[in-house]
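Just so it is clear, the values below take in all heavy atoms, side chains as well, and ignore hydrogens, waters and symmetry mates. Quick caveat, the model's predicted, so the values are computed rather than measured. Below, read A as the first sequence line, B as the second, and so on, with proteins coming before strands; counting in each chain starts at 1.
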Amino acid sequence: MLTTRPRGTNDILPGEVEKWQYLEELARQVCREYGYGEVRTPVFEHTELFARGVGETTDIVEKEMYTFTDRGDRSITLRPEGTAAAVRAYVENKLYAMPQPIKLFYIGPMFRYDRPQAGRYRQFHQFGVEVFGSDSPAVDAEVIAMAMDIYERIGLKDLELHINSVGCPDCRPILREKLQEHFRPHLANLCPNCQGRFERNPLRILDCKNEKCQNIGRHAPTTLDALCAACDSHFELVKSYLDAVGVQYIVDNRLVRGLDYYTRTAFEIMARDIGAQSSVGGGGRYNGLIEECGGPPTPGIGFALGLERILLTAERQGITFPVTRGPAVFIATVGTEVEKQAFTLLQQLRRQGIAAEKDYLGRSLKAQMKYAGKLDARLVIILGEEEVARGVAVVRDMQAGEQQEVPMGGMVDYIKAKS
RNA sequence: GUGGAUAUAGCUCAGUUGGUCAGAGCACCAGAUUGUGGCUCUGGGGGUCGUGGGUUCGAGUCCCAUUAUCCACCCCA
């Protein structure tokens with residue numbers, strides 16, 4: 001155990017971490033353009049926040065949270081998602097008193113106690129945004145378009161955007177009743193899971209993957225059949241805004257997401273070829289959540305993208321990220337006499353903003369050259385006792401395979417000019 | 001929480017019906033004119049065969065347990 005990481009977690013090492021940095025920077029850039037400010041909240045919160053915010057009956061709260069009691073006897077939970085904490089921060093810091101809407105983004109680790117499999121980990125990373133304080137369908141469209149924009153800039157292909165409207169507190173009870181009416185005669189034939197959902201949240205029976213449930217639900221009324229006039233027109237406007245900017249979508253009237261807080265717009269983005277866990281992102285509107293969490297009645301909407309799954313999709317699709325290059329300069333030495341000069345030169349170069357490296361294992365010149373090649377250094381400065389005595393050093397261009405003598409006094413300037 | 005598969009050098013894997021089976025390729029290190037990389041050649045280091053039991057004269061090779069990984073269910077990112 002001493003040398004194995006906890007189940008479902010990952011080390012991201014040099015070589016891999018550059019992809020993460022690239023992704024994160026891309027997301028931050030898009031946020032700048034769309035006007036979203038970063039919020040950094042704790043990775044743990046009071047358990048109660050998630051129980052109330054995410055929903056007591058969700059799988060996340062019922063069986064997937066990393067919950068523990070701290071030394072002060074408080075129940076603490078490692079955040080399983082980002083929205084609840086963002087809402088808490090909005091309320092606690094009274095951001096509702098600022099000019100609305102408030103547009104935030106976050107990026108960081110989330111924790112869920114699941115059985116790991118392809119694209120699913122116990123510690124995983126999400127990038128997400130939240131907009132508080134506007135119920136405009138244009139905001140729904142902005143948020144969805146932004147997510148799609150990010151995928152597109154990464155270069156992901158063949159993604160499917162599914163959208164739906166799950167109604168509001170006015171129309172959902174009506175749908176709920178209609179659904180129960182439809183499923184009641186077949187109650188005994190539903191899967192055990194859905195039998196429980198019948199009372200708690202009949203909406204969820206609609207997107208159950210169980211074959212029997214799907215058959216029974218085939219002719220059930222869908223979310224869109226019961227929308228009230230306000231929700232219906234909201235949904236129509238969202239679609240028209242998406243149409244206006246050319247965002248392709250599939251209306252999926254069986255899409256019901258697993259978190260209880262969604263109202264009206266719900267959406268999910270799926271990728272092919274990354275296994276069963278095909279969702280690379282999702283989100284929706286949550287007009288009741290902020291009030292539920294103790295804030296003033298405030299509409300909100302957001303999405304979250306799974307970074308591991310994005311990276312997995314990119315890998316499967318053969319998408320390459322900008323590669324990081326090796327050091328501009330490698331300083332090789334011959335003889336112990338020149339070590340100090342090499343070290344001094346190394347630091348001078350670095351202070352000029354030039355990535356420079358040297359050997360620290362006492363390697364032979366041949367081995368140093370080989371090592372420099374492995375590091376993908378562009379130039380190698382060879383400090384030989386003979387040349388140094390004459391005040392010069394050899395600079396070798398590794399790509400061209402050519403080298404020449406350069407006076408030590410002008411070395412930094414020479415390298416600067418070359419790199 | 002349920003089911004299936006896998007677990008041999010840093011990596012990818014061979015290892016026949018249990019008896020030189022502890023190997024290969026790559027990687028790493030060193031040499032091939034005692035001051036020069038990328039190709040080639042030669043040599044070298046490195047593994048309690050996931051862990052713990054058991055069967056057997058003898059087990060990577062069979063059995064059980066355990067841990068981990070992978071895949072799927074469930075759920076979601």
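When heavy atoms are screened at a 4.0 angstrom cut-off, A:Ala372 is found touching no nucleic acid atom at all. If you check every strand for non-hydrogen atoms under 4.0 Å, A:Gly335 touches nothing. Residue A:Arg122 is out of contact with every strand shown, counting any heavy-atom pair closer than 4.0 Å. As judged by a 4.0 angstrom heavy-atom cut-off over every strand, A:Gly8 is placed among residues touching the sugar-phosphate backbone only. Using a 4.0 Å heavy-atom criterion, one finds that A:Gly128 contacts no nucleic acid atom at all.
When side chains are defined from C-beta on, A:Val280 does not count as touching A:Met270, because their heavy atoms never get closer than 4.5 Å. With a 4.5 Å cut-off on side-chain heavy atoms, A:Lys418 and A:Val329 do not count as touching. Looking only at side-chain heavy atoms (C-beta outward), A:Val395 and A:Tyr414 come within less than 4.5 Å of each other.
Defined by atom type and a distance below 3.5 Å, a donor-acceptor pair is present between the side-chain atoms of A:Tyr249 and A:Asp243. In this model, no donor atom of one side chain and acceptor atom of the other lie less than 3.5 Å apart for A:Arg351 and A:Gln348. In summary, the side chains of A:Gln180 and A:His182 do not present any donor paired with an acceptor at a separation below 3.5 Å, with no hydrogens or angles considered. For the residue pair A:Glu339 / A:Thr333, a side-chain donor-acceptor distance below 3.5 Å is found, with atom types taken as modelled. No side-chain N or O of A:Ser165 forms a donor-acceptor pair with one of A:Thr265 less than 3.5 Å apart. With no hydrogens or angles considered, no side-chain donor-acceptor pair links A:Tyr241 and A:Glu142 at under 3.5 Å.
Atom CZ of A:Arg5 and atom P of B:A68 are 12 Å apart (whole Å).
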For nucleotides 2-4 of chain B, print each protein N/O atom paired with a nucleotide N/O atom at under 3.5 Å, atom names and distance only.
residue : atom : partner  : partner atom : Å
B:U2    : O4   : A:Arg115 : NH1          : 2.8
B:G3    : O6   : A:Arg115 : NH2          : 3.0

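The aromatic rings of A:Phe303 and A:Phe267 sit perpendicular to each other, their planes meeting at more than 60°, with 30° as the lower class boundary.
When the P atom is used for both B:U2 and B:C74, the distance is 16 Å, rounded to whole Å. Of the P atoms belonging to B:C29 and B:C39, the separation is 13 Å, rounded to the nearest Å. Atom name C1', nucleotides B:U16 and B:G60: the rounded distance is 13 Å, in whole Å. A gap of 29 Å separates the C1' atoms of B:A68 and B:U56, to the nearest Å. Across the P atoms, B:A65 and B:G25 are found 38 Å apart, a figure rounded to whole Å. Between the C1' atoms of B:U17 and B:C26, the separation comes to 33 Å (whole Å). Between B:C70 and B:C62, the distance separating the two P atoms is 24 Å to the nearest Å. The P atoms of B:U61 and B:G53 are separated by 14 Å, rounded to the nearest whole Å.
Between B:C76 and A:Arg112, no contact under 4.0 Å exists linking OP1 or OP2 to a side-chain N or O. Distances shorter than 4.0 Å separate none of the side-chain N or O atoms of A:Gln117 from OP1 or OP2 on B:C70.
Applying the 90° criterion around 0 to the glycosidic angle, B:G58 comes out anti.
Applying the salt bridge (Lys or Arg N to Asp or Glu O under 4.0 Å) rule to pairs touching residues 14-24 of chain A yields A:Glu16-A:Lys19, sequence neighbours excluded. Applying the ring pair (Phe, Tyr, Trp, His ring centres under 6.0 Å) test to residues at least two apart or on different chains, the pairs with a partner in residues 357-388 of chain A are A:Phe330-A:Tyr371.
Looking at which nucleotide of RNA chain B each of A:Ala276 and A:Tyr262 is closest to, the 5′-most match is held by A:Ala276.
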Contact string for nucleotides 46-51 of chain B, one letter per nucleotide 5' to 3', B = base within protein heavy-atom range under 4.0 Å, S = sugar-phosphate only, - = neither, reads ------
What does the B/S/- profile of nucleotides 27-35 of chain B look like, 5' to 3', with a 4.0 Å heavy-atom cutoff to protein?
-SSS----B
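With pairs defined as Watson-Crick or G-U wobble and both atom distances under 3.5 Å, the stems of at least three pairs that touch RNA chain B come out as B:1-7 with B:67-73, B:10-13 with B:23-26, B:28-32 with B:40-44, B:50-54 with B:62-66.
Judged by the 6.0 Å and 45° rule, A:Arg122 forms a cation-pi pair with A:Tyr113.
Tested against A:Ile301 for a side chain to side chain contact (heavy atoms under 4.5 Å, CB included), the candidates A:Val129, A:Val139, A:Asn287 yield a single pass: A:Val139.
Nearest nucleotide to the side chain of A:Arg120, out of B:C76, B:C74, B:U36: B:C74.
Counting distance only, with no hydrogens placed and no angle test, the side-chain atoms of A:Gln403 and the base atoms of B:U36 include a donor-acceptor pair under 3.5 Å.
Remark: aromatic rings of A:Phe198 and A:Phe183 are distant, center separation not under 6.0 Å.
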